[in-house]
Number of protein chains: 2
Amino acid sequence: MSTSTSPGTTTTHGGHVDRIFNFSAGPAALPEEIIQKAQQDIWNIHGSGIGILEHSHRGPVFDRVLAEAEEACRRVSGLGDDWEILFIQGGATTQFAMMPMNFLPADGTADYLDTGVWAHKSIAEARHFGNVNVAFDGTQCNYDHVPGSDEINQTEGAAYFHYCSNNTVFGTRFENIPDSDSPLICDTSSEMFGRPFDWDRHCAIYAGAQKNLGPSGVALVLLKKDFAEQGRTDLPSMFCYARHSKAGSRLNTPPTFGIYMMGQVFNWIHEQGGLTEMERRNSEKSSIIYDAIDTSGGFYTGLAQESSRSHMNVSFRLPTEELDDRFVEEAAAEKMDGLKGHRDAGGIRASIYNAFPREGCECLASFMKEFAARNG
Amino acid sequence: MSTSTSPGTTTTHGGHVDRIFNFSAGPAALPEEIIQKAQQDIWNIHGSGIGILEHSHRGPVFDRVLAEAEEACRRVSGLGDDWEILFIQGGATTQFAMMPMNFLPADGTADYLDTGVWAHKSIAEARHFGNVNVAFDGTQCNYDHVPGSDEINQTEGAAYFHYCSNNTVFGTRFENIPDSDSPLICDTSSEMFGRPFDWDRHCAIYAGAQKNLGPSGVALVLLKKDFAEQGRTDLPSMFCYARHSKAGSRLNTPPTFGIYMMGQVFNWIHEQGGLTEMERRNSEKSSIIYDAIDTSGGFYTGLAQESSRSHMNVSFRLPTEELDDRFVEEAAAEKMDGLKGHRDAGGIRASIYNAFPREGCECLASFMKEFAARNG
């Protein structure tokens, strides 16, 4: 029998015995109070007699939902009016194509850091539109770290420099923003609003919602206005940032529920203490699990080098694949779900975004110790 | 005082006094029992201890949700295995671009019927990729009808022939599928699964979900497999049907909640009696309002010619714009929301998709009579 505590009896985040710890990499755990509010609002929001799923995207109720989401986004991020805030369908993968489509001329070159599975995919999409210089090739080290400046080979006069700030699969992150002379574009899907960020070093930042911000089906896209103005305007409308900006995220029917949920999450982050508090919590939460790895006497091996360790995705493996599988299975029986590693990395991955409770990390660490003692 | 009945006291679809009649053109009314089920399932679906918004799109719970949605789609439609069923983000407007991107060669020509505001937009998107022949120009008649075969000028050897089966803004529909020698593509966003349909006359059919199928943020795309195989494979992945097909709608994180809701709606349609029953109800529902127009002695004027009248969107106007506005305002006070016509058409529009209850149509017709008597 495991000695790990059971969620529902010890959790302070709602105390509901019918919910378990969800370590999914995305879609991922949401704050329980937001789900409870959504239960009401999908039936009847703001006393309108109509649920949020059913409101016209041009009506006054959704006007308010959209305005409040944007306002809450600015409040949490501190972004100024020189930034455009857009909600666009298609996830980060659509952004992989839209960024070069809008900002990479056919005869231009963009720098990309290949630091993980998703960064690698973004490069393949960019090559449809122009030249790509792979300024760091992480496949050589099996993505075990993000590069320092001495490992990055920049192109002079690149159209932009693209990187992924947190790499979900192997669990690495840039502690510091990489140096670049070109306009910086960042895919921060898996840690958006998980820590304070120097937005103004960038010209474009995007994140699929389903990790730290809300349900799947919408991406948050932040564009510095002076950079956005250099983008193409002759594209099919749904692929053109200028068109989305002009229409204020309502070029066609937007994913209204996703935007509603993101607004709730932004407000929740603010109420919890903002990005500084998120960073504090995420640092502590991840340390609990990294400590369990580092004190296991080699039973658990982290996939990331220590200096590159992510606070959002903790990836590790056990001595054998058979033990990996048993670990996942037994953890599930202890009400810890979603721990199986990504198919490209194997092993175990614990994704512990903003909404994931500290108690879940303690529960996992406790289980890790107990499992290692039994199987070590 | 109006004599119209109040929703909540007379409705048989739940009897909830805190909900009103929602005539929105989309996002639109959903079956109340589905919203109630979603209230549970966003907290904890299938006893998994995790809500549908938070489940991994690669996990067993979503495997089941996706498989059941596709299965229910086939059950309701009767579509065979020679059809691909895809769930794609971006709404119909993304399909406006993806269809020509995948199927219209740069030197090819596609025929388009310009029968309304959205059909018109689809033409502008197609022109980014190849030549468009506007085979019918409805701007000449202010979109008051859909064309008969004698009004359509087809191109021999067109890459495809594109039409919109129901035009939401002016409220027209094709009672019969137009004749064409080219592969038929249909945008049926505003009446998908509102009546039986001869799918096999087509090679591609698509619909944004937010009218008849679910929340906004996902489109249902049906592709005849032998046609799909002729599409391009060298496109950015999110814009490439072949890539979506190969990945079984999970090329990236799909809009999991939207797919869940569509599955529920497909099942609901089946349980209600399927497409034949939907057509019977929609025909009756729309007749109730059209009768109120036709018996008003000219106080109300329908925007569509009788032979082209939509069963989904009933558009009409009053003698003056001032009366239009007063009508909308007083109807809202009687718990009927969303009746203001589209900005391109003005007047009144009552959208009464599958989930909209007959009682709401009776309530509106009764209000129309009473309003005309007071203001006629």
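In the text below, chain A, chain B and the rest are named by the order of the sequence lines, each starting its count at 1. Computed from a prediction, not measured in an experiment: that's the story for all the values here.
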Under a 4.5 Å heavy-atom cut-off, does chain B meet the side chain of [X], its backbone, both or neither?
X: R127(A); answer: neither
X: D234(A); answer: backbone
X: A38(A); answer: both
X: F129(A); answer: side chain

Measure the CZ-OH distance between F87(A) and Y260(A) for me, rounded to the nearest 0.5 Å.
->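 Separation between the atoms: 14.5 Å.
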
Just how far is it from atom CZ of F23(A) to atom CG of D337(A), taken to the nearest 0.5 Å?
->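 Here the interatomic distance stands at 9.5 Å.
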
Tell me if a side-chain donor or acceptor on [X] pairs with a main-chain N or O of [Y] at a distance below 3.5 Å.
X: K211(B); Y: A25(B); value: yes
X: R349(A); Y: T168(A); value: yes
X: N212(B); Y: M192(B); value: yes
X: R19(A); Y: N44(B); value: no
X: E54(B); Y: L30(A); value: yes

How are the rings of H162(B) and Y112(B) set relative to one another: parallel (under 30°), tilted (30 to 60°) or perpendicular (over 60°)?
->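 Judged by the thresholds at 30° and 60°, the geometry between H162(B) and Y112(B) is parallel.
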
So which of I52(A), V218(A), L53(A) has the largest heavy-atom pair count under 4.5 angstrom toward chain B?
->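 Among I52(A), V218(A), L53(A), the one with the most close pairs to chain B is L53(A).
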
Partner chain B: residue of Q89(A), H57(A), Q210(A), H55(A) with the largest heavy-atom pair count (under 4.5 Å) =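 Among the listed options, the one with the most contacts to chain B is Q89(A).
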
Largest heavy-atom contact set with chain A, pairs under 4.5 Å, which of [options]:
options: S56(B), P215(B), A126(B); value: S56(B)
options: A124(B), S216(B), G26(B); value: S216(B)
options: S48(B), G338(B), P100(B), A29(B); value: A29(B)
options: G91(B), A28(B), P255(B); value: A28(B)
options: G217(B), G208(B), G49(B), S24(B); value: G49(B)

Close approach to chain A in residues 237-252 of chain B, criterion heavy atom under 4.5 Å =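 Within residues 237-252 of chain B, the residues under 4.5 Å from chain A are S237(B), M238(B), F239(B), N252(B).
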
How close do [X] and [Y] get, heavy atom to heavy atom, and via which atoms?
X: F21(A); Y: P357(A); value: CE2-CG, 3.7 Å
X: A209(B); Y: M262(B); value: CB-CE, 4.0 Å
X: A207(B); Y: L213(B); value: CB-CD1, 4.3 Å

Side chain, backbone, both or neither: which part of A97(B) has an atom under 4.5 Å from a heavy atom of chain A?
->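 Looking at A97(B), just its side chain touches chain A.
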
Let me know which of L66(A), I88(A), I259(A) forms a side-chain contact (heavy atoms from CB on, under 4.5 Å) with P254(A).
->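 Result: among L66(A), I88(A), I259(A), I259(A) is the only option passing the side-chain contact (heavy atoms from CB on, under 4.5 Å) with P254(A).
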
